Amino acid sequence: MTEPDSGSHVLGMDGTARRRGKHWIIDATKCFIGNAGIAGLYVVIARTGKPGDPTSLSAFLVEADRDGIEVTQPPFVGMHGFTCGTLSLRNVRVPSTHLLGEVGDGLAAAYTASVVCGRPNLAATALGPHRRVMDETRRFLAARRRKAGKHLAETRQLSQHPIVRHRLGEIESRLMTAERLAYDAVHLPDTGRPCDAELVQSKLVGNVAAGVSLRDASALHSGYAARTDHPITRLIRDIQLVGAPAGPDDVQRYRLSEKAAGADRIHDGHPPGVEPLISDARQSGSSPRGRIVGVGDSALRSSLSPSRP
């Protein structure tokens, strides 16, 4: 979905798909694509109508080995175990059967990928560095000793200092809050309840809380946090890659402000062409888990392995 000149502004994308007989020809450059280097199949959103029209986008299934596809991996400061590459499609021909849903369903597919899949995934991703920050900080402080007593003959763990414990308590509080929000949000679709606002909130809080905890941990590690060989330094680099995908923090706050102001397009109606996530689940009497939902009544619904999250 993301392109060099259009991230959260989905309708501003430049990539196009043109119909040629029984095929579509796709020309687009997509960037910051997770698992780009290992995926065998891509869901590509491209413009098939007039720019700015909510029904101008369509979604396509594109195999990675088709002619005209090139994947490159830009250098990133962190998350070196995760591929987040650039996908170039030049005159890529796909059969008309590879269209997901109907022409014009692309915006719904994009919002489903971003809200239903992207945000809970990123909320969970933020929990990893956050938990590691707590573990590393606790180990570091337990190993550091501070001289105490009248003649400095005693030593105590640095973690016993009241100010240090206060910071540790703040990190633990943020971590517990982020974990609970993440788990509660992803549970809602299984119970057949609206979940978009909660998914937005879990991603926002998870990213912000991890960043603040990293700053607290850096203060507790003092000069060691500036060493390139220290775990905290690596975690600071890693967390930078969580904020932007699926919309930066300000986009999440804007979505929540719409709900607070009563213009809740998340629960009371999506932008034109985008159905609420939960509608298809209610109509079918099942939960959205393990299915592609929210991309129109005639959209392709693909069952996934039940064992996969």
Side-chain angles (χ1 to χ4, degrees), residues 1-3 6-10 30-39 42-43 45 73-74 76-87 109-134 171 174-190 194-215 234-259 266 270 274 277 288-290 292-294 304 308-309:
M1 182 171 65
T2 302
E3 296 186 354
S6 65
S8 299
H9 181 36
V10 180
K30 305 293 183 178
C31 56
F32 304 110
I33 307 303
N35 291 326
I38 62 175
Y42 300 103
V43 177
I45 312 297
Q73 177 62 46
F76 285 100
V77 296
M79 293 283 187
H80 291 161
F82 173 66
T83 63
C84 186
T86 299
L87 180 67
Y111 271 85
T112 299
S114 176
V115 176
V116 184
C117 301
R119 283 166 183 156
N121 181 26
L122 290 159
T125 300
L127 289 177
H130 203 164
R131 169 55 66 186
R132 179 75 185 280
V133 164
M134 188 65 192
I171 295 174
R174 285 188 290 266
L175 177 59
M176 291 176 65
T177 300
E179 284 180 335
R180 178 47 49 200
L181 283 172
Y183 279 97
D184 285 351
V186 296
H187 175 66
L188 289 176
D190 289 339
C195 61
D196 293 26
E198 287 76 12
L199 294 176
V200 167
Q201 172 74 344
S202 68
K203 194 261 183 181
L204 171 64
V205 171
N207 179 56
V208 172
V212 175
S213 290
L214 273 164
R215 288 194 291 273
R234 195 190 81 184
L235 293 168
I236 292 173
R237 297 194 301 265
D238 287 348
I239 200 64
Q240 293 183 55
L241 275 72
V242 176
D249 293 345
D250 284 340
V251 170
Q252 315 304 324
R253 293 187 181 97
Y254 179 73
R255 296 287 177 260
L256 293 173
S257 75
E258 291 182 319
K259 182 176 185 299
I266 291 178
H270 283 67
V274 181
L277 159 68
R289 183 176 181 176
I292 296 177
V293 296
L304 304 177
R308 297 187 64 181

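Since this is a predicted model, take the numbers as computed values, not measurements. Values below: all heavy atoms of this structure, side chains included; hydrogens, waters and symmetry mates excluded.
In this structure, Arg131 has no side chain to side chain donor-acceptor pair (under 3.5 Å) partners at least two apart in sequence or on a different chain. The salt bridge (charged side-chain N to carboxylate O under 4.0 Å, His left out) search around Arg132 returns Glu136, not counting sequence neighbours. Residues satisfying the side chain to side chain contact (heavy atoms under 4.5 Å, CB included) criterion with Asp184, sequence neighbours excluded, are Arg180. Remark: Arg215 engages no residue in a salt bridge (charged side-chain N to carboxylate O under 4.0 Å, His left out) (not counting sequence neighbours). Qualifying side chain to side chain donor-acceptor pair (under 3.5 Å) partners for Glu3, counting only residues two or more places apart in sequence or in other chains: Lys30.
Distance check, rounded to the nearest 0.5 Å: CG of Leu204 to CG of Leu122 gives 12.0 Å. Atom CZ in Arg119 sits 14.0 Å away from atom OG1 in Thr125 (nearest 0.5 Å). For the atom pair CD (Gln73) and SG (Cys84), the distance works out to 6.5 Å, reported to the nearest 0.5 Å. Atom CG in Asn207 sits 4.5 Å away from atom CG in Asp249 (nearest 0.5 Å). Taking CG from Asn121 and CG from Leu199, the interatomic distance works out to 11.5 Å, rounded to the nearest 0.5 Å.
Of all non-hydrogen atoms in Glu198 and Ala185, the two that sit nearest each other are O-CB, 3.6 Å. Taking every heavy atom of both residues into account, Val133 and Ser213 meet most closely at CG1-O, 4.0 Å. Smallest separation of non-hydrogen atoms from Gly85 and Pro74: CA-CD, 3.9 Å. The shortest non-hydrogen separation linking Gly206 to Ala178 is CA-CB, 4.1 Å.
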Solution key, residues 237-245 side-chain donor-acceptor pairs under 3.5 Å, sequence neighbours excluded:
from	atom 1	to	atom 2	distance (Å)
Arg237	NE	Val77	O	3.0
Asp238	OD1	Met79	N	2.6

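In this structure, Gln201 and Gln252 have side chains that are not in contact, with every pair of non-hydrogen atoms separated by 4.5 Å or more. Looking at Tyr183 and His187, their side chains never come closer than 4.5 Å, going by heavy atoms from C-beta outward. When side chains are defined from C-beta on, Leu256 counts as touching Val200, because their heavy atoms get closer than 4.5 Å. Proximity of His130 to Glu179: side-chain heavy atoms (C-beta onward) are nowhere separated by under 4.5 Å.
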*Check the pair Ile33 / Thr86 against side chain to side chain contact (heavy atoms under 4.5 Å, CB included), numbers first and verdict last.*
CA-CA 6 Å; Ile33 307 303; Thr86 299; over 6 Å; no
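Counting non-hydrogen atoms of neighbouring residues, nucleotides and ligands closer than 6.0 angstrom, the OH atom of Tyr42 exceeds 12 such neighbours.
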